Amino acid sequence: MKRVGVLALQGDVGEHVMMLESLDSVVVKVRTIEQLESIDALVLPGGESTTIAHLLVTAGLKDALGEKLRDGFPVFGTCAGLILLSAEILDGRADQWCYGALSVTLRRNGYGRQIASFESPIEVTGVGSVSGVFIRAPRIVAWDNDVEVLATLDPGDGRGEHPVFVRQKNVWGASFHPELAGDPRLHRLFVDSL
Ligand code: GLN
């Protein structure tokens, strides 16, 4: 059975833990290097990306996770977690860093004020329709060819259709919150890929 970690510094950790526990995996809340070293894969939850980034530094996890990502460690980032994995952040805080594990440029809070939070059906390649819960979500505005786009959405705000669920080798990212919709299929996709 695979040991799947959930980065447990800030954000909606409990919802991811519940999702993963409903699947065939041992779930570890990760706050220390020892916990990070004990797992086969890691989920980076939604929350506040600048806060999680800060806590990664103070917990001494930033570089250790960066090294693992360079070695191809499997991770799944949702919302703020996706921001942390991205290569470039637009409208981020001036000192905001990201891992560059996923070759995407995204705009923080890129779905605008009018629709800061919304729910929309999302058609995911190989899975079908899932419910996408967007909460002040990042918008992927550019991506490299080696990023596989598994779902897109045009929310009808005049800014067009953009990827909302992507994968680049072992690195997965969703701009929405699959852990909040009570549907474990995207977590299953990740766990089955391990
Ligand atoms: N807007 C948040 C950020 O920039 C992300 C929101 C979320 O994870 N729901 O960190």
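Atoms within each ligand, like the ligands themselves, are counted from 1 in listed order. The first residue of the sequence shown is numbered 1, and numbering continues consecutively from there. In this text, all values refer to a predicted model and were calculated from it rather than measured experimentally.
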**Request:** Look up atom CG in Leu90 and atom CZ in Arg108, then write down how far apart they are to the nearest 0.5 Å.
**Result:** 11.5 Å
**Fill in**
For Asp12 and Pro45, the nearest pair of non-hydrogen atoms, with its separation, is OD1-CB, 3.5 Å
**Fill in**
Among Cys79, Ala80, Pro45, Gly11, closest by heavy atom to atom 6 (C) of ligand 1 is Cys79
**Complete:** In ligand 1, the atoms that come under 4.0 Å of a heavy atom of Gly46 are 8 (O)
**Message:** Does only the side chain of Ile83 get under 4.0 Å from ligand 1, or the backbone, or both, or neither? Count heavy atoms.
**Reply:** side chain
**Request:** Mind checking the NE2-CH2 spacing from His162 to Trp143? Nearest 0.5 Å is all I need.
**Result:** 6.0 Å
**Prompt:** Can you find an N or O of Ile135 that's nearer than 3.5 Å to an N or O of ligand 1?
**Reply:** yes
**Asked** Can you check whether Gly72's main-chain N or O pairs, donor with acceptor, with Asn170's side chain at less than 3.5 Å?
**Response** yes
**Item:** The one among Gly47, Ala137, Ser117, Ala53 that brings a heavy atom closest to atom 8 (O) of ligand 1
**Value:** Gly47
**Test item: side-chain donor near acceptor, His187 and Ser25, under 3.5 Å** = no
**Item:** Taking atom 10 (O) of ligand 1 as the reference point, the nearest protein heavy atom with its distance
**Value:** Ser49 N, 2.5 Å
**Prompt:** Is any side-chain heavy atom of Leu153 closer than 4.5 Å to a side-chain heavy atom of Phe134?
**Reply:** yes
**Asked** Does atom NZ of Lys68 have more than 12 heavy-atom neighbours, drawn from other residues, nucleotides or ligands, at distances under 6.0 Å?
**Response** yes
**Asked** Any idea which atoms of ligand 1 are less than 4.0 Å away from a heavy-atom of Asn109?
**Response** 1 (N)
**Asked** Mind checking whether Arg108 has an N or O less than 3.5 Å away from an N or O of ligand 1?
**Response** yes
**Prompt:** If we only count N/O pairs under 3.5 Å, is His177 in contact with ligand 1?
**Reply:** yes
